[in-house]
2 protein chains.
Amino acid sequence: KTHENSNDQFSNPKNKKVMVIGGDGYCGWATALYLSKKGYDVAVVDNLVRRLFDHQLGLESLTPIASIQNRIKRWKLLTGKTISLYVGDICDFEFLAESFKSFEPDAVVHFGEQRSAPYSMIDRSRAVFTQHNNVIGTLNVLFAIKEFREECHLVKLGTMGEYGTPNIDIEEGYITITHNGRTDTLPYPKQAGSFYHLSKVHDSHNIAFTCRAWGLRATDLNQGVVYGLRTDETEMHEELCNRFDYDGVFGTALNRFCVQAAVGHPLTVYGKGGQTRGYLDIRDTVQCVELAIANPANPGEFRVFNQFTEQFSVNELASLVTKAGEKLGLEVKAVSVPNPRVEAEEHYYNAKHTKLIELGLVPHLLSDSLLDSLLNFTIKYKDRVDTAQIMPSVSWKKIGAKPKTVSV
Amino acid sequence: KTHENSNDQFSNPKNKKVMVIGGDGYCGWATALYLSKKGYDVAVVDNLVRRLFDHQLGLESLTPIASIQNRIKRWKLLTGKTISLYVGDICDFEFLAESFKSFEPDAVVHFGEQRSAPYSMIDRSRAVFTQHNNVIGTLNVLFAIKEFREECHLVKLGTMGEYGTPNIDIEEGYITITHNGRTDTLPYPKQAGSFYHLSKVHDSHNIAFTCRAWGLRATDLNQGVVYGLRTDETEMHEELCNRFDYDGVFGTALNRFCVQAAVGHPLTVYGKGGQTRGYLDIRDTVQCVELAIANPANPGEFRVFNQFTEQFSVNELASLVTKAGEKLGLEVKAVSVPNPRVEAEEHYYNAKHTKLIELGLVPHLLSDSLLDSLLNFTIKYKDRVDTAQIMPSVSWKKIGAKPKTVSV
Ligand SMILES: NC(=O)c1ccc[n+]([C@@H]2O[C@H](COP(=O)([O-])OP(=O)(O)OC[C@H]3O[C@@H](n4cnc5c(N)ncnc54)[C@H](O)[C@@H]3O)[C@@H](O)[C@H]2O)c1
Ligand SMILES: NC(=O)c1ccc[n+]([C@@H]2O[C@H](COP(=O)([O-])OP(=O)(O)OC[C@H]3O[C@@H](n4cnc5c(N)ncnc54)[C@H](O)[C@@H]3O)[C@@H](O)[C@H]2O)c1
């Protein structure tokens, strides 16, 4: 396989300890297994709050997922490899400090945030929770590194959504500006489109400051929308299976369309469907994170990579899924639904993404065969779909200060 | 007086209700009185936490200050004007909501934040407090406006420190960038230098989003360093006297130098002293805020003004104070102390500040006579100075995760 071991010349995982915060989540679980398989000594830190959100909102992953304890036990049985587990909230500094002192990480991959834009737009209380959870959690991680592991490399998950949709090319984190005859390279301007995306902008500014002021080393991975389910590791056993969100709150574009196609629900295109974003296969998420760890930032360096492999508009994705569905005999049609978000529906979009390629990323591009297998997968689980969860239920404009309760 | 009534053609304060959040503080108190005098119906919202910080750190204003209750009573006795008072924390949404429903503001001036960079760099707990207090407090104000007073104009105090010290001219909030043949006007890149300054950057991004998504109207006043003590209103009675901070945590550059000169302490220049910033007289702070209120932003508009009148380097300020001191027979000398901050000590600095001038601001520039009266003022109170509080005690690099306690 070309994708495996492509970066062995850089990485020397032997005895390298990696703490994966948010390691029970969609990206985090796949990454924890991938790194463990590669020979890193891995610890998962997670308070499992994402499972709580699902309970509270009455949502469920398309795929059945085992408990984190059983996932880790199964991995040990299959591979002999140990993944340490620290269950707790990184907003609780005492807990985080103990995890640091006990595990002594050389790198921290920080996935552990509330990561849904719609969730952050449900009501005031969830907006505040999202910014508090993400900003304070990340501040605590920065203080833990400074206090206990100054050499530790922080690999932080950001989002391409931090940039918004400017009318100029999007660079990787910085832009060189010539203005009134003088030139400087400055942080790329941010125009985030939800309280969730804003929390990532806040994190980026906070992390950049600690690199400057304290000499920390950090890589901000501005990730695009992730699609796909299987990685080599998670498909080894059903107890290792990853989560797959298709609902209107946590589901993301392409994954949602595949489930919609599988159950015969029209593909929900928001508004005009011209919204263009960067996308990547979950097998590339895990690859990118490992490349960042294997090639750490220098002390004092705040490095930003745009982590995606291809750009698509929502309409383009809808027609790809329509075609793939037809091949499988599914009747798929796309409908435009009123856009619950406030965003440009037709806009310029050209984002650079060369730095991870330069480090050795070999992308899994979205191909017919991938879409076929993803669709087949969603068909396999289609009886688990609750079609009531498919339509978007959270409106950017209607968010209120009153707590929104959910009743059945 | 040229400074009074210069903008009467714009303002129609009759029945305009202005909520001053942080109205017990240095800028807020002077502003509340100024607006009340001008005929606005004013309410002060403050949880008085700033007085608590002083108690906890063993600090005291150079000037004796009356309680907020006595301040407001005295104002009523002198002028017949009522200022409403809501004592509570804006991070407590129930409290804030009740204040909004009871007072029904047409404009909110938001000064109510933890505003000291050194305070935010004391320890992890104060860093977290600062970002939580400022970011969540401001989120609550945004939700209160959306929920209860959608037409209300938010006038939010930011800081020039949000921009850092880029090597190009600093514009007012936005910069037009031409890049690879395309052009867009984007938020000016931010490079804040403390957890406090970062909290203001976060606020700015959050507010900008709510203007875009909800159609709120807001003015972000990126204020420079404020100096001076007296405004026409605060000097009417000793019970109306404003606070004046000179200590290493809450004191700001020029005010501190005046107190140092008065007590014969060497002027504490941090490092090389080439740090250049924007400054303004507190009489201009109150004028600028009124100009913003009298000329509100449009619905959906996020307007940014750079609120200062002159640029000085620390060395320039030191030599101005030295000269003014000599005229009064004080022997003043400046010393370089190791810089407790991480910042450029020699750098390019050219920040635009024309928008408030265009609205009618007539600046009180720093003149010999102002410095004379400020120095005389500090001499009057010099017996109240605790010289142990003068030196900087908070280091940007030495901040730790452990709570820093203060003992006498
Ligand atoms: N999924 C995507 O398409 C995508 C795209 C761009 C960026 N990202 C980013 O990647 C990261 C992971 O995303 P995901 O899709 O795997 O999300 P997820 O919700 O599946 O996983 C996040 C995990 O973090 C944990 N967590 C949250 N707050 C925590 C706290 N305070 N303490 C401890 N653990 C906490 C949750 O319990 C959960 O297991 C997020 O930061 C997200 O913003 C994801
Ligand atoms: N003083 C300066 O030189 C300067 C310069 C630039 C910007 N600013 C900004 O102007 C504003 C006012 O500054 P200042 O010098 O008057 O500060 P200050 O500390 O004197 O006043 C701030 C007031 O806000 C109140 N407050 C803080 N948190 C609150 C909360 N959660 N709920 C209710 N009240 C709360 C405090 O009790 C205090 O009375 C701040 O936002 C500051 O960042 C000040």
Side-chain angles (χ1 to χ4, degrees), chain A residues 91 93 97 121 124-125 127-128 131-132 135-136 139-140 143-144 146-148 164 166-169 171 174-195 197-199 201-202 205-206 208-209 212-215 341-342 348 350 396-397 399-402, chain B residues 91 93 97 121 124-125 127-128 131-132 135-136 139-140 143-144 146-148 164 166-169 171 174-195 197-199 201-202 205-206 208-209 212-215 341-342 348 350 396-397 399-402:
Chain A
C91 291
F93 190 74
M121 303 300 293
R124 185 197 67 87
S125 143
V128 164
Q131 294 216 345
H132 177 93
V135 173
I136 306 302
L139 281 179
N140 279 348
F143 274 96
K146 178 170 197 301
E147 190 88 5
F148 307 114
N167 198 31
I168 58 173
D169 292 344
E171 300 296 325
Y174 300 90
I175 182 167
T176 299
I177 303 176
T178 298
H179 181 56
N180 301 342
R182 304 179 60 88
T183 299
D184 201 357
T185 297
L186 297 173
Y188 197 98
K190 300 295 178 74
Q191 299 184 102
S194 75
F195 289 117
H197 290 103
L198 285 157
S199 75
V201 174
H202 308 341
H205 283 103
N206 283 342
F209 167 69
R212 258 186 348 260
W214 301 342
R341 307 189 176 209
V342 176
Y348 179 75
N350 184 35
W396 263 227
K397 283 190 184 292
I399 178 173
K402 293 214 182 65
Chain B
C91 291
F93 191 73
M121 303 300 293
R124 185 197 67 87
S125 144
V128 164
Q131 294 217 345
H132 177 94
V135 173
I136 307 301
L139 280 179
N140 280 347
F143 274 96
K146 179 170 197 297
E147 189 88 6
F148 307 114
N167 197 31
I168 58 174
D169 292 344
E171 300 296 325
Y174 299 90
I175 183 167
T176 299
I177 303 175
T178 298
H179 181 55
N180 300 343
R182 303 179 61 88
T183 299
D184 200 358
T185 297
L186 297 173
Y188 197 97
K190 300 296 178 73
Q191 298 184 104
S194 75
F195 289 118
H197 290 102
L198 285 157
S199 76
V201 174
H202 307 341
H205 282 102
N206 283 342
F209 167 69
R212 254 182 357 254
W214 302 342
R341 307 189 177 210
V342 176
Y348 178 75
N350 184 36
W396 262 228
K397 282 190 184 291
I399 178 173
K402 293 214 182 66

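Values below: all heavy atoms of this structure, side chains included; hydrogens, waters and symmetry mates excluded. As the structure is a computational prediction, the values presented were derived from the model and not from experiment. To find a chain, count down the sequence lines: A is the first, B the second, and so on, and within it residues start at 1.
- Looking at B:Ala213, the atoms closer than 4.5 Å to chain A (heavy atoms on both sides) sit in the backbone and in the side chain alike.
- Heavy-atom distances place the side chain of B:Val201, and not its backbone, under 4.5 Å from chain A.
- Looking at A:Gln131, its side chain does come within 3.5 Å of a backbone N or O of A:Phe195 through a donor-acceptor pair.
- Interface remark: B:Phe148 contributes no atoms to any contact with chain A (heavy atom separation under 4.5 Å).
- Residue with the most contacts toward chain B among A:Ile175, A:Val135, A:Thr185: A:Ile175 (heavy-atom pairs, distance under 4.5 Å).
- Only the backbone of B:Thr183 comes within contact range of chain A, with heavy atoms under 4.5 Å apart.
- Side chains of A:His132 and B:His132: a donor on one and an acceptor on the other come within 3.5 Å.
- Residue contact with chain B, scored on non-hydrogen atoms closer than 4.5 Å, involves the backbone and the side chain of A:Ala401 alike.
- A search for salt bridge (Lys or Arg N to Asp or Glu O under 4.0 Å) contacts involving A:Lys402 returns B:Glu147, not counting sequence neighbours.
- Heavy-atom minimum distance, A:Cys91 versus A:Asn140: O-ND2, 3.1 Å.
- Under 3.5 Å, the side chains of A:Arg182 and B:Asn350 contain no donor-acceptor pair of N or O atoms.
- Contacts with chain B were tallied for A:Leu186, A:Val342, A:Asn206; A:Asn206 has the most, counting heavy-atom pairs under 4.5 Å.
- Both the backbone and the side chain of B:Ile399 come within contact range of chain A, with heavy atoms under 4.5 Å apart.
- Contacts of B:Ile177 with chain A are made by both backbone and side-chain atoms, with heavy-atom separations under 4.5 Å.
- With no hydrogens or angles considered, a side-chain donor-acceptor pair links B:Ser194 and B:His197 at under 3.5 Å.
- Both the backbone and the side chain of B:Lys397 come within less than 4.5 Å of a heavy atom of chain A.
- No donor-acceptor pair closer than 3.5 Å links the side chain of B:Asn167 to the backbone N or O of A:Asp184.
- Using a 4.5 Å cut-off between heavy atoms, B:Trp214 contacts chain A through its side chain alone, with no backbone atom that close.
- When the candidates A:Lys190, A:His205, A:Lys146, A:Met121 are compared by the number of heavy-atom contacts under 4.5 Å with chain B, A:His205 comes out ahead.
- Counting all heavy atoms, side chain and backbone alike, A:Trp396 lies closest to A:Gly193 at NE1-O, 2.7 Å.
- The distance from atom OH of A:Tyr188 to atom CG of A:Asp169, rounded to the nearest 0.5 Å, is 7.0 Å.
- Contacts of B:Arg212 with chain A are made by both backbone and side-chain atoms, with heavy-atom separations under 4.5 Å.
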